[in-house]
Enquirer: 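Dropping a structure here in structure tokens format, bear with me for questions.
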Amino acid sequence: MACLVRVPVEVVKQRTQAGHFRSSLACLTSVLNTEGIGGLYRGFLSTIVREIPFVSIQFPLWEFGKELVRSKTDGEQCTSLQSGVIGAFAGGFAAFCTTPLDVIKTRIMLQTNQSASYVIKSILRNEPLSVLFSGAKPRTLSISLGGFIFLGTYQQVLSLLNRYTTR
């Protein structure tokens, strides 16, 4: 469901950042005029294909890490700091592993007249495989930071809710 909002925002952001347009508004207007509403959803499927493995790695790894902490602390729940650190690792690892899918998604979003299969074949035929990890470091770092903040905050809110509802 989030992809219904995320993908159009990503399309506009990616094309504006790539220098195709002077502003986000110019990009949005151009996409709507030349490609229609469907242009804003270019890369929708590839975004989902990236998200499914990402969350399939991140959340089980985060839960495993929290369980490991519980086993080492006589069953105590993780603190929000511990949860955040585990979340940073889990998110960073998932981000790194799914970077090739993110690169493909980004290339698809930047193209306006080639199919997804053309984009993938073009990368595989014309570029070194290392290109699939372009931007891996900043992606890993930013998602690690997001995992720390989001999953640490989530744990804190969960702890507060548990404290106040079990009284």
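All residue numbers refer to positions in the sequence shown, counting from 1. We use all heavy atoms of the structure for the numbers below, so side chains are in, but hydrogens, waters and symmetry mates are not.
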Enquirer: Quick one, I86 and L151 - any side-chain contact, counting heavy atoms below 4.5 Å?
Expert: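 Not in contact.
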Enquirer: Taking only Lys NZ, Arg NE, NH1 and NH2, and the carboxylate oxygens of Asp or Glu, determine whether E127 and R107 approach each other closer than 4.0 Å.
Expert: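 Between R107 and E127 there is a salt bridge, with a charged N closer than 4.0 Å to a carboxylate O.
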Enquirer: Check whether T99 reaches the backbone of F133 with its side chain - one donor and one acceptor, N or O, closer than 3.5 Å.
Expert: no
Enquirer: If you count every heavy atom of other residues, nucleotides or ligands that lies below 6.0 Å from L129 atom CG, does the total exceed 12?
Expert: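 Incorrect, the count does not exceed 12.
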Enquirer: Minimum heavy-atom separation for A95 and F54, please, with both atom names.
Expert: N-CE1, 3.5 Å
Enquirer: Check whether any side-chain N or O of E35 sits under 3.5 Å from a backbone N or O of L32 as a donor-acceptor pair, and report yes or no.
Expert: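 Side chain of E35 to backbone of L32, a donor-acceptor pair under 3.5 Å: no, none is there.
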Enquirer: Please check if the side chain of S142 supplies one atom and the backbone of R139 the other of a donor-acceptor pair under 3.5 Å.
Expert: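 Judged by distance alone, yes, a pair lies under 3.5 Å.
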Enquirer: Find out if a path of hydrophobic residues (ILVMFWY) with successive side-chain heavy-atom gaps under 4.5 Å connects V49 to V5.
Expert: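 No; V5 is not reachable from V49 via cluster members.
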Enquirer: Is there a donor-acceptor contact under 3.5 Å from the side chain of T73 to the main chain of V69?
Expert: yes
Enquirer: Does a side-chain heavy-atom distance below 4.5 Å link I104 with L132?
Expert: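 Yes, at least one pair of side-chain atoms sits under 4.5 Å.
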Enquirer: Could you tell me the separation between the NZ atom of K105 and the OG1 atom of T98, rounded to the nearest 0.5 Å?
Expert: 10.5 Å
Enquirer: I'd like to know whether M109 forms a side-chain contact (heavy atoms from CB on, under 4.5 Å) with T47, so could you lay out the CA-CA distance, the side-chain angles of the two residues, the decisive distance to 0.1 Å, and finally the verdict.
Expert: CA-CA 10 Å; M109 286 180 169; T47 300; 3.5 Å; yes
Enquirer: If you measure from CD on E10 to CZ on R42, what distance do you get to the nearest 0.5 Å?
Expert: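 It comes to 14.5 Å.
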Enquirer: Please give me the minimum heavy-atom distance between G39 and V31, naming the atom from each residue.
Expert: C-CG1, 3.6 Å
Enquirer: Evaluate the side-chain contact (heavy atoms from CB on, under 4.5 Å) criterion for residues W62 and F93: first the C-alpha distance (whole Å), next the side-chain angles of each, then the deciding distance (0.1 Å), finally the verdict.
Expert: CA-CA 10 Å; W62 178 59; F93 184 75; over 6 Å; no
Enquirer: Are F64 and V55 connected, step by step, through hydrophobic side chains (Ile, Leu, Val, Met, Phe, Trp, Tyr) whose heavy atoms are closer than 4.5 Å?
Expert: no
Enquirer: So, for C97 and I57, which heavy atoms are closest and what is the spacing to 0.1 Å?
Expert: CB-CD1, 3.9 Å
Enquirer: Is the count of non-hydrogen atoms from other residues, nucleotides or ligands lying under 6.0 Å from F59 atom CZ greater than 12?
Expert: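 Yes, because the 6.0 Å sphere around CZ of F59 holds more than 12 heavy atoms from other groups.
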Enquirer: Checking R70 side chain against C78 main chain: does a donor-acceptor pair fall under 3.5 Å?
Expert: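 Side chain of R70 to backbone of C78: no pair is present.
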Enquirer: Please report the C-alpha distance between T153 and S80 in whole Å, then the side-chain angles of each, then the deciding distance to 0.1 Å, and finally whether the side-chain contact (heavy atoms from CB on, under 4.5 Å) criterion is met.
Expert: CA-CA 6 Å; T153 301; S80 57; over 6 Å; no
Enquirer: Distance check, rounded to the nearest 0.5 Å: L110 atom CG versus Q14 atom CD?
Expert: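 If I round to the nearest 0.5 Å, the distance is 5.5 Å.
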Enquirer: Should L4 and I48 be counted in the same cluster of Ile, Leu, Val, Met, Phe, Trp and Tyr side chains packed under 4.5 Å apart?
Expert: yes
Enquirer: I want to check something: taking the side chain as every heavy atom from C-beta on, are S46 and L101 in contact at a cut-off of under 4.5 Å?
Expert: no
Enquirer: Output the distance between atom CG (L124) and atom CD1 (I120), rounded to the nearest 0.5 Å.
Expert: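 These two atoms lie 7.5 Å from each other.
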Enquirer: Please confirm whether the backbone N or O of V131 pairs with a side-chain atom of S134, one donor and one acceptor, at under 3.5 Å?
Expert: yes
Enquirer: Hey, could you give me the NZ/OG distance between K13 and S24, rounded to the nearest 0.5 Å?
Expert: 10.5 Å
Enquirer: Find the distance between CG (L161) and CD (Q156) and round it off to the nearest 0.5 Å.
Expert: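 Nearest 0.5 Å value for the CG-CD distance: 10.0 Å.
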Enquirer: If we ignore hydrogens and angles and just use 3.5 Å, is the side chain of R15 paired with the main-chain N or O of Q111 as donor and acceptor?
Expert: yes
Enquirer: Where is the tightest heavy-atom contact between V7 and G43, given as atom of each residue plus distance?
Expert: CG1-C, 4.4 Å
Enquirer: Look only at the side chain of T29 and the backbone of A26, and say whether a donor-acceptor pair between them is shorter than 3.5 Å.
Expert: no
Enquirer: Should the pair F44 and Y41 be assigned to parallel (<30°), tilted (30 to 60°) or perpendicular (>60°) ring geometry?
Expert: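 The arrangement is perpendicular - the two ring planes meet at more than 60°.
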Enquirer: Got L40 and V9 here, is their nearest side-chain heavy-atom distance under 4.5 Å?
Expert: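 No; the side chains remain at least 4.5 Å from each other.
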Enquirer: Any sub-3.5 Å donor-acceptor pair from S144's side-chain atoms to T140's backbone N or O?
Expert: yes
Enquirer: With clusters defined by side-chain heavy atoms of hydrophobic residues (ILVMFWY) lying less than 4.5 Å apart, directly or transitively, does I143 cluster with F148?
Expert: no
Enquirer: Does one side chain, of Q155 or K66, offer a donor that lies under 3.5 Å from an acceptor on the other?
Expert: yes
